[in-house]
Chemist: 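Quick one: structure below, then a few questions.
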Amino acid sequence: MSLTGERARRNGATTDAPVVSLTDVTFGYTATPVVEDVSLRITPGEYVAVVGPNGSGKSTLMKLMLGLLTPDEGTARLFGDPSHRFDDGARIGYVAQHASASKEMPITVREVVKMGRFPHVGFGRLSAEDRAIVDRALDTVGMSSFADRRVTQLSGGQRQRAFIARALAGEADLLVLDEPTVGVDAESVEAFYDLLDALNAAGITILLIEHDLSAVTQQAERVVCLNREVYFDGPTAEFVESDALARAFGTAANFVGENR
Ligand code: ADP
């Protein structure tokens, strides 16, 4: 079965369970909340962008969604399970801002992508089918001809593609990207978003945390605008017409922790 077919089957089996579900979530690293009373659901196949000024709680919200932090109040669920108890990591592909941890790793692109299979095979050897899945993932992101190149020798855009391929090889249902195109040249950025579009069309749910508003408005179908609280959650076209951006960003500088 193809990657997409397998994913569709799983999504079909769990259509009732949102990918992410936050209900009245409040969280603070100290007594002051940095995320307050946030409720949102992301259903399978959506392409959602979370925007907000620096320090508005985007990364914190992502960590709450993924169970890396536990809400002080409210509940966070991932694929129907409490997020902090969710343990099927292969279903989530995370692409960090710089993918910097990889910079020093003297390993090849193919080796990075093979890691995506590890949750499926444990410490066992990769089967011919696993290797075929790795090849397909490399092909999907246009990195087949770089498969034997070391990650250290890639451009920023190529490195991000390699990490997406790792998520595809793991058969992730949800791709979470935290400002993935920071430091990536303009031409590669466009190709990168085209790839995200194609993956979303193939059924992968995409959660994009993004500072570049033009990228968001061109790509995502739904925007969540955050500054500790949710200022807007809805279709991108409505977001562009609304005053949510001005409200969230206009008071950005010291909004968190002030006015309370
Ligand atoms: P964003 O991703 O929108 O830039 P963050 O979620 O990183 O925002 O940060 C939200 C607020 O929480 C900021 O005021 C930040 O300084 C604070 N913060 C983030 N991480 C931590 C941490 N580990 N410990 C204490 N405060 C933190």
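Computation of the quantities below employed the complete heavy-atom set of this structure, encompassing side-chain atoms and omitting hydrogens, waters and symmetry-equivalent molecules. Note that the numbering runs from 1 along the sequence shown for the chain. One-based numbering, in listed order, for ligands and for the atoms of each.
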Chemist: Asn54 to ligand 1: N or O pair under 3.5 Å?
Modeler: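 The answer is no, given that Asn54 and ligand 1 share no N or O pair closer than 3.5 Å.
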Chemist: Counting each atom of ligand 1 from 1 as listed, which ones have a heavy atom of Pro53 under 4.0 Å away?
Modeler: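 Close to Pro53: 3 (O).
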Chemist: With side-chain contact (heavy atoms from CB on, under 4.5 Å) as the test, pick out the partner of Val112 among Val151, Val134, Leu154.
Modeler: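 Exactly one candidate clears the test, Val151.
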Chemist: Could you list which atoms of ligand 1 come closer than 4.0 Å to a heavy atom of Ser56?
Modeler: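 Near Ser56, the atoms of ligand 1 are 1 (P), 3 (O), 8 (O).
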Chemist: Show your reasoning for whether side chain to side chain contact (heavy atoms under 4.5 Å, CB included) applies to Leu196 and Leu175.
Modeler: CA-CA 9 Å; Leu196 290 191; Leu175 260 188; 4.2 Å; yes
Chemist: Does the pair Asp173 and Thr205 meet the rule for a side chain to side chain contact (heavy atoms under 4.5 Å, CB included), with working shown?
Modeler: CA-CA 6 Å; Asp173 301 304; Thr205 308; 5.5 Å; no
Chemist: For ligand 1, is there an N or O atom under 3.5 Å from any N or O atom of Gly57?
Modeler: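 There is such a contact, yes.
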Chemist: Answer yes or no on whether Arg161 is positioned over the face of Phe192, meaning its NZ or CZ is under 6.0 Å from the six-membered ring centre and within 45° of the axis.
Modeler: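 Geometry flag: not set, cation outside 6.0 Å or 45°.
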Chemist: Quick check on contacts: which atoms of ligand 1 are under 4.0 angstrom from a heavy atom of Val34?
Modeler: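 In order of numbering, the contacting atoms are 11 (C), 12 (O).
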Chemist: Specify side chain, backbone, both or neither for Thr60, according to which of its non-hydrogen atoms lie closer than 4.0 Å to ligand 1.
Modeler: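 Under 4.0 Å from ligand 1, Thr60 contributes backbone and side-chain atoms.
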Chemist: Provide the closest heavy-atom pair for Val35 versus Val25 in the form atom of the first, atom of the second, distance.
Modeler: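 Closest approach of Val35 to Val25, heavy atoms only: CG1-O, 3.9 Å.
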